[in-house]
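Here's the structure, in structure tokens; my notes come after.
All heavy atoms count here, side chains included; hydrogens, waters and symmetry mates do not.
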Amino acid sequence: MSATSHDAAPARTPSSPRPGPQPAPRLRRVLAHTALEARILLSNGEQLMVAIALPAMVLIGLRLLPIGRLEGAQPIETALAATLGTALISTSFTSQAIQTGFDRRNGVLRWVATTPLGRDGYLAGKILATLLVHVVQVLVLGLLAVLLGWRPGVLELLAAVPVWLLGTVAFGALGLLVAGLLRTEAVLAVSNLVFVLFVAAGGIAVPTSMYPWPLHGLVDLLPSGALGELLRACLAGGVFSPAPVVVLLVWAVGGAYAVSRWFRWTSD
């Protein structure tokens, strides 16, 4: 008995369109870009110097030198708070600005905008990669601090997590803003100079309360001053105040808005 017509598979005619390749799901695209960005950050010798080696030297130096210590706190506690602030700024701000600036100059950002990853996926991948690098930084620097005498508490570590996330957004937005507005050569100079100023004179290495009065109020308004005060409150028994939270939140929201408004994807 012959098969009925509805049992026969429809024949593909030569003019029938073949389905083209489809892009991977959005989450998979973002995660793939995250892994790429993280590998770039962790496989580059200069980036490792800024992300790991330099903060480690800051930790050892501040542990040995009587700089920026709070009354009643252990030297390793104030040293670690300053070191983690240094590590966060170096990765979220300096490394982010330099890498994105070169991507912009080399036309990578223009190309990304035309791919399924898109601009939002590119930025999301960068943020997630930065957080992954931060995890590596915290593990390495935390282990070094333990070897130098630090004894962490669970509550202080949990309190530092939202501070770390807020600081990552604030300084990451500033890094992207510098990369998206300035020429690559200027990005190199500005990002490194601002990094040094933030760490040395912006409230990271030295508490804002130790500055003379005219500078005290100015440093309190900097994102680095707010970050330093919050990390010392979490890790070194410093006095907690809501003012640094507000300051860092304003920088994070304002920086994110500025990036969405003025970031240029091409170097033209």
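Residue pairs meeting the salt bridge (charged side-chain N to carboxylate O under 4.0 Å, His left out) criterion with at least one partner in residues 180-201, sequence neighbours excluded, are R105-E185. Applying the ring pair (Phe, Tyr, Trp, His ring centres under 6.0 Å) test to residues at least two apart or on different chains, the pairs with a partner in residues 28-52 are H33-Y122. Applying the salt bridge (charged side-chain N to carboxylate O under 4.0 Å, His left out) test to pairs two or more places apart or on separate chains, those with a residue in residues 229-256 are E229-R232. Among residue pairs with one or both ends in residues 242-257, those qualifying as side-chain hydrogen bond (donor to acceptor under 3.5 Å, both in side chains) are Y257-R261; sequence neighbours excluded.
A distance-only check finds no donor-acceptor pair linking the side chain of R29 to the backbone of G121 [under 3.5 Å]. Of the possible donor and acceptor atoms, one in the side chain of R104 sits under 3.5 Å from a partner among the backbone N and O of T266. For the pair S95 (side chain) and S90 (backbone), a donor-acceptor distance under 3.5 Å is present.
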Side-chain donor-acceptor contacts of residues 50-77 below 3.5 Å, not counting sequence neighbours, with atom names and distances?
{"residue": "R69", "atom": "NH2", "partner": "R63", "partner atom": "O", "Å": "3.0"}
{"residue": "R69", "atom": "NH2", "partner": "L65", "partner atom": "O", "Å": "3.3"}
{"residue": "E77", "atom": "OE1", "partner": "Q74", "partner atom": "N", "Å": "3.2"}

Solution key, residues 233-244 side-chain donor-acceptor pairs under 3.5 Å, sequence neighbours excluded:
{"residue": "S241", "atom": "OG", "partner": "A243", "partner atom": "N", "Å": "3.3"}

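The two residues A38 and A129 come nearest to each other via the heavy atoms N-CB, 3.7 Å. The two residues P152 and V146 come nearest to each other via the heavy atoms CD-CG2, 4.4 Å. When all heavy atoms of F195 and F93 are compared, the closest pair comes out as N-CE2, 4.3 Å.
Between D220 and Y211 the shortest side-chain heavy-atom distance does not fall below 4.5 Å. A 4.5 Å side-chain heavy-atom check between L174 and V194 finds every atom pair outside the cut-off.
Considering CG of L165 and CD1 of I127, their distance stands at 11.5 Å, rounded to 0.5 Å.
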